[in-house]
Each structure stands twice: as structure tokens, then as C-alpha cells.
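Just so we're on the same page: letters track the sequence lines, and every chain starts at 1. Since the structure is predicted, the reported quantities are computational estimates derived from the model, not experimental observations.
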Amino acid sequence: MKRSVRNKIYDKVFEIIGYTATFFGLIILLYFITDIVYEGWNRIDYDFLTSYTSRKAEKSGIFPAWVGSVWILALTLIISVPIGIASGIYFEEYAKKNKITYMLEVNIANLAGVPSIIYGLLGLEIFGRMFGFGSSILTGSLTLALLILPIIIVSTREALKAVPQSLRDASFALGASKWQTIWLQILPSSMGGVLTGTILALSRAVGETAPLIVIGALAYVPFIPSSPMDEFTVLPMQIFEWTSRPQHEFLINAAAAIIVLLCITFLMNGIAIYLRNKWQKKNQW
Amino acid sequence: MKEKKEQRTIIQSESINVYYDDKHVLKNVNLDIKEKTVTALIGPSGCGKSTYLRLINRMNDYIPEFHFSGTIVVNGKNIYDDSVEVEELRKDIGMVFQKPNPFPKSIYDNVAYGLKIQGIKNKTVLDEAVESSLKQAALWDEVKDNLKAGGLSLSGGQQQRLCIARALAVQPTILLMDEPTSALDPISSAKIEELIFELKKQYTIIIVTHNMQQATRVSDNTAFFYIGDLIEYGKTDELFMNPIHEQTKKYITGRFG
Ligand SMILES: Nc1ncnc2c1ncn2[C@@H]1O[C@H](COP(=O)(O)OP(=O)(O)OP(=O)(O)O)[C@@H](O)[C@H]1O
Ligand SMILES: [Mg+2]
């Protein structure tokens, strides 16, 4: 067989495998989403969003859960984003290329792969017990911040790396200091990538359950948290709790809560994509 | 070439050695450059032209493998002295790169950048600097109605002139150009060459080029480098007409390089 013909067949086969793989993933995702929307859509109304949980499924709502999620999200953001971006900048722009830096880099990359429940144990021990923050929003946020820090650091570094050397050269050659170059050229040019990574990391934090269970987040919260020291629940915890009930009505509640949670994640990912496109258009080299 | 009044030496390089780790890239180079002249640096690829150029505004400092010994005195100051602030040095020594590299900002902001980072905020000062720099770079007429447009929306040749304007805005005395026309079409290149001719009245220019015609057209003096050695340095006319060294002769007649 001629080589060109053989290559064409390989091309075709690979294309088909690629399509199948993509469709397989999509179809499964679609199946889940349709199933959940079918189950839960009609359950979502104003009352559902503004009620506390109750022993009766029809009267239960996700008010404390979504407020808790917002609290957790906001606080996690405030804690993790400045530290994550600053560390990313440090590693990419300032750190000397030596053994210690290398060790730190490898470990940060490894941390991104540590199971989240381990972070929960760490958070429980350090923030919950040692610092005495208990099962509060603060403990939860600090724990989740630790969990997503590696992702923010790594994606910040990737974004900074993508800034061409020529831009740095141009700035330095005009007498700009390193700090000015980073602040006025490199960061604005890489902001799209930095924000995308950050938002994706945060949307992972919104969906986390295991570490929050470990630090002792409650399943039943009859109040709206009003300070970071309050106890709390979050949407995924609420969903988890409802799905463990035998009654079908609670499963419907869970489906409805999942829809709300999915909407939040999709919204965040949408913002990430929007920002990426917007910044990419602005910075074409 | 008309003889100017006795020109001052503005850059003195003495016993310069540069290593990238173990690689000896510049070997005991001595090179003095006179004020308000154009000096062309020529030589085969990898002979150290860019390295020499980037010594003068200390742009090699960012390369971890870079090691330097020797002295370079610019305007009477040893620029590798510990007391020298590179940021200050670079305000006096502008640089134009091989590939046009405007910032992803407006034309105005590109030109004003060098002044803004010095803390100059006065709008009229900035406006005037932007206008006069763009005029000096022969770009004003083409962009004056559209200073808000992105620097990257210009053509390659215009971008390079924008980069020149940007360098001029901080009022340097020396302008370093590393193959400034190699990425440009012949017409844009010719414009830049004309510009160099104009700028020479006011600035000392060092230009790296692979184009022999360009070297003869724009420069007063030429330095020929070969694998890290400064082989020959002298008046451009003389060097091209009667090269002393065999290597120079071979190179300028295109027999190697
Ligand atoms: N960062 C670096 N690390 C190691 N070696 C380098 C580095 N930069 C340049 N060199 C080496 O130093 C030598 C001189 O490089 P330089 O860029 O000064 O050459 P050049 O004369 O400008 O060449 P060209 O005409 O191709 O631009 C080359 O052999 C090059 O491989
Ligand atoms: Mg070069």
C-alpha cells in the first residue's frame, strides 16, 4: 500500500476515534443534565431559594446553602487570589533558578493533585483546632483557599510565561524597573489567562464537599450566617444530605439544588471564557 | 564625507570579555565610539554583535548564564560600576529591536510610556513629547489623527518607527539598533535608513546589520566581528574599499557568513 494512502487511513481512523471519545463524554454529560433538569426544574421557585431546610421536603429550601456558598466563595477568593497571583508572579519573575525553587515548584505541582479530603483534614487540624476557628466559614474558606492555591499559582505562571520576551525587553530598554514592567506591561497582558485560571479554580471550590464535611460543616443550618466565624452549610453539602434521604421528594430537592449549583458554575466558567476572549483580542502580538 | 569638528568619544569599551557559561562570546574587545556618529556592527551570525550591543544598555543582565569582565565607559561613567542604576542608564540609551515590539496599547501610550514611568503626568508635557518624538521618527503625519489607535494596528514599518519614537521620547543620547530593518520590506527599510541619517545629527547610533549595502549607506564607522573577535574597525568607506584583514574581505564580498 502506498504511504500516502496508509496515512489517509490513519488520519480517518484517528478522526473517528476522536469524535467518538468527544461524543461519549458529551452524551453522558447531556444525559445527566437532562435527567436532573427533568427531575428538578419545576421544584425551583422563589420559596425554594428563600426557605430553610425542613423535615418536610416540599417546604425545604436552599436559602442557607446558597448564602453559605456565596460566603465561602467570597472569602476563599479574598484569601486565595492575592496570595496565589503574588506567588505566581514571584516564581515566574523573581525566584532564582536554584534547587530550593525547583523543590517548591515540584511540590506545588504535586499539591494540585492531592485529594481534597486531605486538605479537609489539614484544615480541621490547623484552622479548626490549632487556630480555634472551629467549623466556621473562615475555616472552610481557608481550607478551600489552600486547595485551590496550587491551581491559581500554576495558571498564573502559565499566563505570565505566555507574555513574549520582546514586551519585557521593550519596557526594560526604556528604563522601566522590574516592578513597573510587571505591573504596567506583563500583568495587563496576561490578565486574561490569570483571571481564567483563577475563576476556574474558584468554580472548583464552589463544588467541593469532602473537605467541608471533614472540617465539620453542618448539614442542617437553621440560620443565615452573618459573620465569617459562623457555622455554615453550602450547596454541595445540602445536595449530599438530601440524596442520602430515602424519600423521593428529597431527591427532587437535590436535583433542583444541583441545577442551581450548575448554574453558578456555568456562570463562572462563562465569565472566564468571556474574559479570556476579551483580553486575547486586546493583546495580539 | 564632510569632516565634523573633533568628535568626542562617547563610548569606550576596554578589554571586554563575555561568557555565556563556558562559551566565550566576546574576546578581549576594545572599541571606542565617537559622539553623533553611526557605527555599524557587522559579522556572521553568532559572532557576538547583539551581545556587544546589549552590553551598552546592560540588557544582558537578565541572562542567567551571562558573565562579563572589562570596562565600558559611557559619557565618562563606568556603566558596570555597582553605583550605576540601570534604569537611569537606559533613559540615556535607547534601544530598537529586530522585531518591532510596540506595547499592546495606543500609539500615544506607547510613546508616552518612557516618560510616564519616570513619573511625568503633566498632559501638555506628554502631548508635546509624543508629537515631537513621532515627528522625529517621521511617523507623525501618518498617525496624527489617530493617536488613540492601537500600536499593533500599524504596519510593520510603521510599528518600527513607533518603536523608534518611543525610544526617542525619553531623550536619550545614544540609540542602539539591532537589525532594525531585517523584518521590514524594502520601502519601510529605506524610510528607516533615511531616518537614521536625520537622527545622527542629534544622537549617537550603533546599528547591527546583516545588510552590507545598508552598512555602507548609513554608517560612518564599521566594526567587523568574527566569532567573538573584533577583527577590524574603521571608517566605513575604508573598511569596505580596502579591508586590511583577509576575513573582513571574505565577509564583505560575501564569500562566507
Ligand atoms: N542566552 C544565551 N545563552 C547562551 N548562549 C548565548 C545566549 N545568547 C547568545 N548566545 C550565544 O552567543 C553567541 C553570540 O550571540 P549574539 O546573539 O551576540 O550573536 P549575533 O552576532 O547577534 O548573531 P545574529 O547575527 O544571528 O543575531 C552565539 O554563539 C550565541 O549562540
Ligand atoms: Mg543578533
Evaluate the salt bridge (Lys or Arg N to Asp or Glu O under 4.0 Å) criterion for residues A/Asp11 and A/Lys8: first the C-alpha distance (whole Å), next the side-chain angles of each, then the deciding distance (0.1 Å), finally the verdict.
CA-CA 5 Å; A/Asp11 265 358; A/Lys8 264 195 196 121; over 6 Å; no
Top residue by heavy-atom pair count (under 4.5 Å) with chain A, among B/Asn101, B/Leu115, B/Leu89?
B/Asn101
More than 12 heavy atoms of other residues, nucleotides or ligands under 6.0 Å from OH of A/Tyr10: is that the case?
no
In the structure I gave you, are the side-chain heavy atoms of A/Asn98 and A/Thr101 within less than 4.5 Å of one another anywhere?
yes
So which part of B/Phe103 gets closer than 4.5 Å to some heavy atom of chain A, the side chain, the backbone, both or neither?
both
Could you check whether B/Glu88 pairs with B/Lys91 (Lys NZ or Arg NE/NH1/NH2 to Asp/Glu carboxylate O, under 4.0 Å)?
yes
Name the region of B/Arg58, side chain, backbone, both or neither, that has any atom closer than 4.5 Å to a heavy atom of chain A.
neither
If I measure from the heavy atoms of chain A, does B/Lys105 come under 4.5 Å with its side chain, its backbone, both, or neither?
side chain
